[in-house]
Novice: 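Below you will find the structure I want to go over with you.
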Amino acid sequence: MMSAMDAVRTIELPRINSPTGSITPVAGGDQVPFEIRRIYFLYDIVSGAHRGGHAHWELEQVYVAVMGAFRVVLDDGRERRTVELNQPAIGLFLPKLIWRELVDFASGTICLVLASLPYDEAEYIRSYDDFLEVATR
Ligand code: TYD
């Protein structure tokens with residue numbers, strides 16, 4: 001059976017390097033397999049913080065550690081997997097119905113998130129028990 005975890009993948013983003021610095025361009029439908037409807041970024045993250053702790057009904061996202069490093073603990077209701085992000089030109093694609101927790105943030109980390117939908121609290125599944133019921137049915 002195809003599980004949501006099978007769709008999780010890292011995406012190698014382009015790097016345009018020059019002696020004065022690097023550029024990583026990202027376009028929806030190209031590097032990222034959806035139209036980008038929203039971006040947001042996490043910063044000023046407190047040492048020891050756990051972020052995330054939810055899943056989404058339909059929202060797809062790509063996480064990028066544009067600065068620093070963190071781990072993403074993923075759970076599709078059947079298996080658990082941890083991915084470390086620590087490079088600005090690597091994205092982590094998460095399909096719908098993946099429980100995620102972001103942990104072990106290095107000091108100064110900036111986490112960029114590309115999202116397939118506008119913000120909508122109704123898109124969140126914030127109870128792990130509810131998530132398990134939906135993900136394993
Ligand atoms: P949340 O997605 O729960 O943060 P994280 O997963 O990083 O722990 O969002 C935290 C708060 O910010 C929540 O009250 C909703 C608000 N928020 C918005 O208003 N718009 C957004 O696009 C996002 C991502 C969050």
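These figures come from a predicted structure and were not determined experimentally. Read the numbers this way: they start at 1 and go in the same order the structure lists the ligands and their atoms.
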Novice: Is the backbone N or O of Arg71 less than 3.5 Å from a side-chain atom of Asp104, with the two atoms forming a donor-acceptor pair by type?
Specialist: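 No, Asp104 side chain to Arg71 backbone: no donor-acceptor pair under 3.5 Å.
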Novice: Strictly distance-based, threshold 3.5 Å: is any side-chain N or O of Arg38 a donor or acceptor partner for the main-chain N or O of Leu117?
Specialist: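 Present.
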Novice: Would you say Gly52 and ligand 1 have an N/O pair spaced under 3.5 Å apart?
Specialist: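 Yes, Gly52 has an N/O under 3.5 Å of an N/O on ligand 1.
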Novice: Could you tell me if any non-hydrogen atom of His54 lies under 4.0 Å from any atom of ligand 1?
Specialist: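 Yes.
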Novice: Mark up the atoms of ligand 1 that fall under 4.0 Å of a heavy atom belonging to Tyr40, in ascending order.
Specialist: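 The atoms of ligand 1 under 4.0 Å from a heavy atom of Tyr40 are 24 (C).
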Novice: Please list, in number order, the atoms of ligand 1 under 4.0 Å from a heavy atom of Arg38.
Specialist: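 Per the distance check, 21 (C), 22 (O), 23 (C), 24 (C).
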Novice: Spell out, as yes or no, whether a donor-acceptor pair under 3.5 Å connects the side chain of Glu123 to the backbone of Trp57.
Specialist: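 Yes: the side chain of Glu123 pairs with the backbone of Trp57.
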Novice: Quick one: look at His50 and ligand 1, take heavy-atom pairs under 4.0 Å, and tell me if it's side chain, backbone, both or neither.
Specialist: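 No part of His50 is near ligand 1 at this cut-off.
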Novice: Do any non-hydrogen protein atoms sit less than 4.0 Å from atom 12 (O) of ligand 1?
Specialist: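 False for atom 12 (O) of ligand 1.
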Novice: Nearest to atom 14 (O) of ligand 1, what protein heavy atom do you find, and at what distance?
Specialist: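 Residue, atom and distance for the closest contact: Tyr119 OH, 4.6 Å.
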Novice: Should you measure from each heavy atom of Leu42, which atoms of ligand 1 turn up under 4.0 Å away?
Specialist: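 Answer for ligand 1: 7 (O).
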Novice: Going by the atom numbers of ligand 1, which of them fall below 4.0 Å from some non-hydrogen atom of Tyr124?
Specialist: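 The list of qualifying atoms is 1 (P), 2 (O), 3 (O), 24 (C).
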Novice: Quick test: of every protein heavy atom, which one is nearest to atom 7 (O) of ligand 1, and how far off is it to 0.1 Å?
Specialist: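 Ranking protein heavy atoms by distance from atom 7 (O) of ligand 1, first comes Arg51 NH2, 3.1 Å.
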Novice: Any protein heavy atom sitting closer than 4.0 Å to atom 21 (C) of ligand 1?
Specialist: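 So far as the 4.0 Å threshold goes, atom 21 (C) of ligand 1 is in reach of a protein heavy atom.
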Novice: For the pair Arg81 (side chain) and Glu79 (backbone), establish whether a donor and an acceptor sit closer than 3.5 Å, ignoring hydrogens and angles.
Specialist: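 No: the side chain of Arg81 does not pair with the backbone of Glu79.
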Novice: Does the protein put a heavy atom less than 4.0 Å from atom 1 (P) of ligand 1?
Specialist: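 There is a protein heavy atom less than 4.0 Å from atom 1 (P) of ligand 1.
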Novice: When the ring planes of Phe93 and Phe34 are compared, do they come out parallel, tilted or perpendicular, using 30° and 60° as the limits?
Specialist: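 Aromatic pair Phe93/Phe34 classed tilted.
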Novice: Given 3.5 Å as the limit, does a donor-acceptor pair link the side chain of Thr109 with the main chain of Ala69, or not?
Specialist: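 A pair under 3.5 Å: yes.
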Novice: side-chain contact (heavy atoms from CB on, under 4.5 Å) between Tyr40 and Gln61: does it pass, once the steps are laid out?
Specialist: CA-CA 11 Å; Tyr40 61 93; Gln61 291 175 310; 2.9 Å; yes
Novice: Any chance CZ of Phe41 has more than 12 other-residue heavy atoms, nucleotides or ligands included, within less than 6.0 Å?
Specialist: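 Atom CZ in Phe41 is not crowded, with 12 or fewer foreign heavy atoms closer than 6.0 Å.
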